[in-house]
Amino acid sequence: MQALPDTLCYLNGEYGPLRDAKVSVLDRGFVFGDGIYEVVPVYGRRLFRFDEHLARLNRSLGKVRIASPFDRAQWLERCRRLIDAQAADDQLLYIQVTRGVAVRDHVMPPDLTPTVFMMANPMKPAGAEQRHHGVACVTARDFRWERGDIKSTSLLGNVLARQISADHGAVETIMFRDGFLTEASSSNVWVVHEGAVLGAPKSEHVLEGIRYELIRELCEEAGIGYNLRPISEAEVLGADELMLSSATKEVLAVTQVDGEAVGHGALRGKPGPIYAKLYEAYQRAKTVQSI
C-alpha cells in the first residue's frame, strides 16, 4: 500500500498530519458520497481566483442543502495556514464538506454538523512535452448523472470516464450527451472554429468550471471571439483546434482524438495559434488574479 504523506491537513477544527486524519465510517460522505468539494490552484503561495472558487463551493452546498460552515475570512485563514505548511510554492488546495455523521438513511437528517476536510498538495502541471505537442483524448457517451452542475464528491461516473482514456493511453475522455458536447471527465472542453472559441452552454449537465469566465476574459483580452452554444460531436471532431481547461491543466491543447489528428492543413496534429494566445494570457492572469 502506498504510504500516506504526513503533510498538514485540517479536519473538523483540528490540524494534524494527513496520514493520521480519520472520519467516522457513518460519515455520509463515505457511505453516500453526500458532499461537495473544491480545488483551488495556488501560485507562489497565493490563491488563484479564490472568490470564484468559494462562490462555486457555496452554490454547490446550497443545491444539496448543506449550510456553509465558514465565512470568507474563516475559509481564507484555514487555506493560508495549510499553504504556509507546504514546501512547494505552487499547490492545489482541496476543500471537502460532507453533510456529516448519522445512522445510514437516504433521507437528509436535519441539524447535522458538516464534516470539513482540507489539504494542500504540490501542483503537478502539464509538462513541457505536453505543452509542445498537445495531448491525446478519446470520446465516450456521457453516462454520468443528470446534475453535473453540482461539484459533488459522488464521482464514480467521472472515475469510470477517466479510466476509459487511461486504458487508451490518453489524458482525457471527451463526452457527448444526445450527440452534443458536455465536458470531459475532469475538464471543460473548448472548440476553436473560424478563429472563435466555443464552449458548451451552462446547464445541469455541465460543471461551470472556474475557467469558463476566465477563458471569456482571456479571449476578450486577446481579441478572440467567444460563444457558448450547443456543439455537435461532428463539430468537435472537425474543429480547427481543441483545448481542455481545469485547475491542474490550466489551458491545454488537444492534438489527437480517437487516434485522429485534430485540425487542418499545416497545423493538423499540432497546438494552434488560439491555444498559444490563451496560454500566454493565462500565465499573465496568474500574476494578477491571486491573493
Side-chain angles (χ1 to χ4, degrees), residues 1-104 108-125 150-155 158-159 186 210 246-248 250 286 289-291:
M1 187 178 82
Q2 185 178 8
L4 297 178
D6 61 356
T7 51
L8 190 71
C9 75
Y10 173 92
L11 179 63
N12 293 337
E14 302 291 336
Y15 294 90
L18 181 59
R19 63 187 176 195
D20 295 336
K22 294 178 175 60
V23 296
S24 168
V25 294
L26 287 179
D27 191 282
R28 288 178 62 93
F30 178 68
V31 295
F32 289 122
D34 186 2
I36 299 300
Y37 77 101
E38 268 296 329
V39 180
V40 187
V42 175
Y43 299 109
R45 299 188 179 276
R46 299 170 66 205
L47 291 146
F48 183 58
R49 292 179 78 93
F50 172 74
D51 287 322
E52 289 84 350
H53 280 280
L54 184 59
R56 185 172 65 179
L57 175 68
N58 286 329
R59 285 198 303 273
S60 290
L61 288 171
K63 289 175 181 179
V64 300
R65 305 190 207 180
I66 298 176
S68 181
F70 304 129
D71 62 24
R72 180 183 184 277
Q74 291 169 322
W75 280 119
L76 198 53
E77 186 276 329
R78 287 160 176 78
C79 290
R80 286 186 165 146
R81 179 164 176 180
L82 294 175
I83 291 167
D84 290 344
Q86 267 283 354
D89 289 335
D90 293 349
Q91 306 171 26
L92 287 175
L93 184 80
Y94 180 86
I95 300 171
Q96 177 173 305
V97 182
T98 77
R99 197 173 305 279
V101 178
V103 174
R104 189 179 187 279
M108 300 176 182
D111 305 322
L112 291 186
T113 300
T115 297
V116 182
F117 169 68
M118 302 170 64
M119 64 179 176
N121 295 306
M123 184 178 290
K124 297 178 181 179
I150 299 173
K151 200 166 177 67
S152 166
T153 58
S154 305
L155 287 172
N158 300 70
V159 168
S186 59
I210 299 303
S246 71
T248 53
E250 298 182 354
K286 284 156 54 173
Q289 297 187 22
S290 302
I291 62 171

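The chain is numbered in sequence order, starting from 1.
The structure places CG of D6 at 8.5 Å from CG of L18, a figure rounded to the nearest 0.5 Å. Note that OG1 of T248 and NZ of K124 are 11.0 Å apart. Values are rounded to the nearest 0.5 Å. With rounding to the nearest 0.5 angstrom, the CD atom of Q74 is 12.0 Å from the SG atom of C79. A distance of 5.5 Å separates CD of Q91 from CZ of R45, quoted to the nearest 0.5 Å. Atom CG of L57 sits about 9.0 Å away from atom CZ of F50, to the nearest 0.5 Å. A distance of 6.0 Å separates NZ in K63 from CD1 in I150, rounded to the nearest 0.5 Å.
T98 and D34 share no donor-acceptor pair across their side chains, judged by distance under 3.5 Å alone.
Atom CZ of F70 has more than 12 heavy atoms from other residues, nucleotides or ligands within 6.0 Å. Around CG of D111, the count of heavy atoms belonging to other residues, nucleotides or ligands within 6.0 Å does not exceed 12. The environment of E77 atom CD is dense: over 12 non-hydrogen atoms of other residues, nucleotides or ligands sit within 6.0 angstrom.
Across P41 and A247, no two heavy atoms sit closer than the pair CG-CB, 3.8 Å. Looking at every heavy atom in both residues, T115 comes nearest to G100 through OG1-CA, 3.8 Å. Residue S152 comes nearest to I36 through the heavy atom pair CA-CD1, 4.1 Å, listed as atom of the first residue, atom of the second, then distance. Residues H53 and F48 approach most closely at CD2-O, 3.5 Å, considering heavy atoms.
Side-chain contact between F117 and C9 is present, with heavy atoms from C-beta onward closer than 4.5 Å. When side chains are defined from C-beta on, I95 does not count as touching L54, because their heavy atoms never get closer than 4.5 Å. Within the 4.5 Å cutoff, no side-chain heavy atoms of V42 are placed close to those of D90. Here the side chains of K151 and L61 are not in contact, with every heavy-atom distance at 4.5 Å or above.
Between R72 and D51 there is a salt bridge, since at least one side-chain N of the basic residue sits less than 4.0 Å from a carboxylate O of the acidic one. Between R56 and E38 there is a salt bridge, since a side-chain N of the basic residue sits under 4.0 Å from a carboxylate O of the acidic one.
The six-membered or imidazole ring of Y37 lies near that of Y94, with a centre-to-centre distance under 6.0 Å.
Figure legend: cation-pi geometry between R81 and Y10 absent, as NZ or CZ is not positioned both under 6.0 Å from the six-membered ring centre and within 45° of its axis.
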